[in-house]
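Notes for the one structure printed next.
In this text, all values refer to a predicted model and were calculated from it rather than measured experimentally. Residue numbering restarts at 1 for every chain, and letters A, B, ... go by the order of the sequence lines.
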Amino acid sequence: MDDQTRMMTGLTGLGGLAQGDVGDPDSVRKQQSLGQPQQDIGDILQQIMAITDESLDEAQARKHALNCHRMKPALFSVLCEIKEKTVLSIRGVQEEDPPDPQIMRLDNMLLAEGVSGPEKGGGSAAAAAAAAAAGGSPTDSSIEHSDYRAKLSQIRQIYHSELEKYEQACSEFTNHVMNLLREQSRTRPISPKEIERMVAIIHRKFSSIQMQLKQSTCEAVMILRSRFLDARRKRRNFNKQATEVLNEYFYSHLSNPYPSEEAKEELAKKCGITVSQVSNWFGNKRIRYKKNIGKFQEEANLYAVKTAVDAANVSAQASQANSPATPNSGGYPAPCYTPDGRL
DNA sequence: TCCAATGATTGTGT
DNA sequence: ACACAATCATTGGA
């Protein structure tokens, strides 16, 4: 108890420090320059240092006494301020963090795909878009639709449960650190601002983990989407009538099998396919025909006859004996029959 | 199950 | 932007 009273008397030397001066380093300096208070502070610091040499019980008692002293808050805030101006100001430069563009991008994508947004709606819209892009029949697309939605909701479920885990872990850890710092702030200078800063650092760390989760979720969605959007995976052969229409045009324009945009549109309408499908078909046909004319000979003859017959019918109706114009006068090699059916 | 046929995509050249 | 060539992925018949 002797020590304690000595300490108390030592601390009372700071009595001249008005409450309004708390935290003002200038006022502290003023006080220090007065001589007596400076010595008192030296005393206190000496005693604080001495705590480490004492037994645990003694130290505890002394710590308690220090904590209860009326000047403790003043000293505490001064120390905090000094610390703030030295160590923390260095780290404080990169404090102001703007929202990470990367994480914003991921958030937007997850929202657009219906993973992070409201339960239903977004996902089915994306599925509908995927189905429409794939150009499947209504029945097909509804099957694909539900399949897509099921898989998407699976991803969604995993994403949310993982996110919840992360958030829980983050808040648990934050609480733990905050409690620890609050506890420690009784014995060493830790300002609330510093605690705040520490929390921000923890949140940043956790958000980088969260970004990884978001990234892998995005990847999963992209893979899912590409599987549904890649038309090669759900290719349907055109129906017989459509192929016939396309072949008829191809062989009757063998000299120049390049339908104009209007012709393509008309063919597309006739065949019930898209213009780009018509373009694909002609692209494939030209190259395959050119590569192996022999293989297409029979088909070419067939359509040549067909065209000739049709033309003949038209001619007969018009009471004209002339055969139709021969279209293949260049470009792609003609079959062994002329389009009007003659050898 | 194999394999030719076929619709679609990708890369390149003009 | 379009055509070509190579290639992929699926279909459908043997």
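Side-chain atoms of R235(A) and N237(A) include a donor-acceptor pair closer than 3.5 Å.
Using a 4.0 Å cutoff on non-hydrogen atoms, the parts of residues 278-285 of chain A near DNA chain B are N280(A), W281(A), N284(A), ordered by number.
Under 4.0 angstrom from either OP1 or OP2 of dA4(B) there lies no side-chain N or O belonging to K295(A).
To the nearest 0.5 Å, atoms CG (L254(A)) and CZ (R286(A)) are separated by 11.5 Å. In this structure, E244(A) CD and L302(A) CG are separated by 8.0 Å, a value rounded to the nearest 0.5 Å.
The CD1-C1' distance, from I287(A) to dA3(C), rounds to 9 Å in whole Å. Whole-Å rounding puts the Y289(A) OH to dG7(B) C1' distance at 21 Å. If you measure from atom NZ of K240(A) to atom C1' of dG12(C), you get 14 Å, rounded to the nearest angstrom. Counting to the nearest Å, the C1' atom of dT6(B) and the CG atom of N247(A) are 12 Å from each other. Rounded to whole Å, atom P of dT10(C) lies 11 Å from atom CZ of R236(A). With rounding to whole Å, F250(A) atom CZ is found 13 Å from dT6(B) atom P.
Applying the salt bridge (Lys or Arg N to Asp or Glu O under 4.0 Å) test to pairs two or more places apart or on separate chains, those with a residue in residues 292-302 of chain A are K285(A)-E299(A).
Nearest nucleotide to the side chain of Q277(A), out of dA5(B), dG7(B), dA3(C): dG7(B). The nucleotide whose nearest atom lies closest to any side-chain atom of R235(A) is, among dA3(C), dA8(B), dT10(C), dT10(C).
Between F173(A) and F206(A), the ring-plane angle classifies as tilted under the 30° and 60° cut-offs.
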Would you list the atom pairs, donor with acceptor, under 3.5 Å between side chains in residues 263-273 of chain A and any protein atom, with sequence neighbours excluded?
| unit_1 | atom_1 | unit_2 | atom_2 | d |
| --- | --- | --- | --- | --- |
| K264(A) | NZ | S279(A) | OG | 3.2 |

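Summary of the strand contacts: K291(A) and N237(A) both lie near DNA chain C, and taking for each the nucleotide with the nearest heavy atom, the more 5' one is attributed to K291(A).
With hydrogens and angles ignored, a donor-acceptor pair under 3.5 angstrom links the side chain of R288(A) to the base of dG7(B).
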task: Evaluate the salt bridge (charged side-chain N to carboxylate O under 4.0 Å, His left out) criterion for residues K193(A) and E196(A): first the C-alpha distance (whole Å), next the side-chain angles of each, then the deciding distance (0.1 Å), finally the verdict.
output: CA-CA 5 Å; K193(A) 203 174 169 188; E196(A) 240 171 70; over 6 Å; no
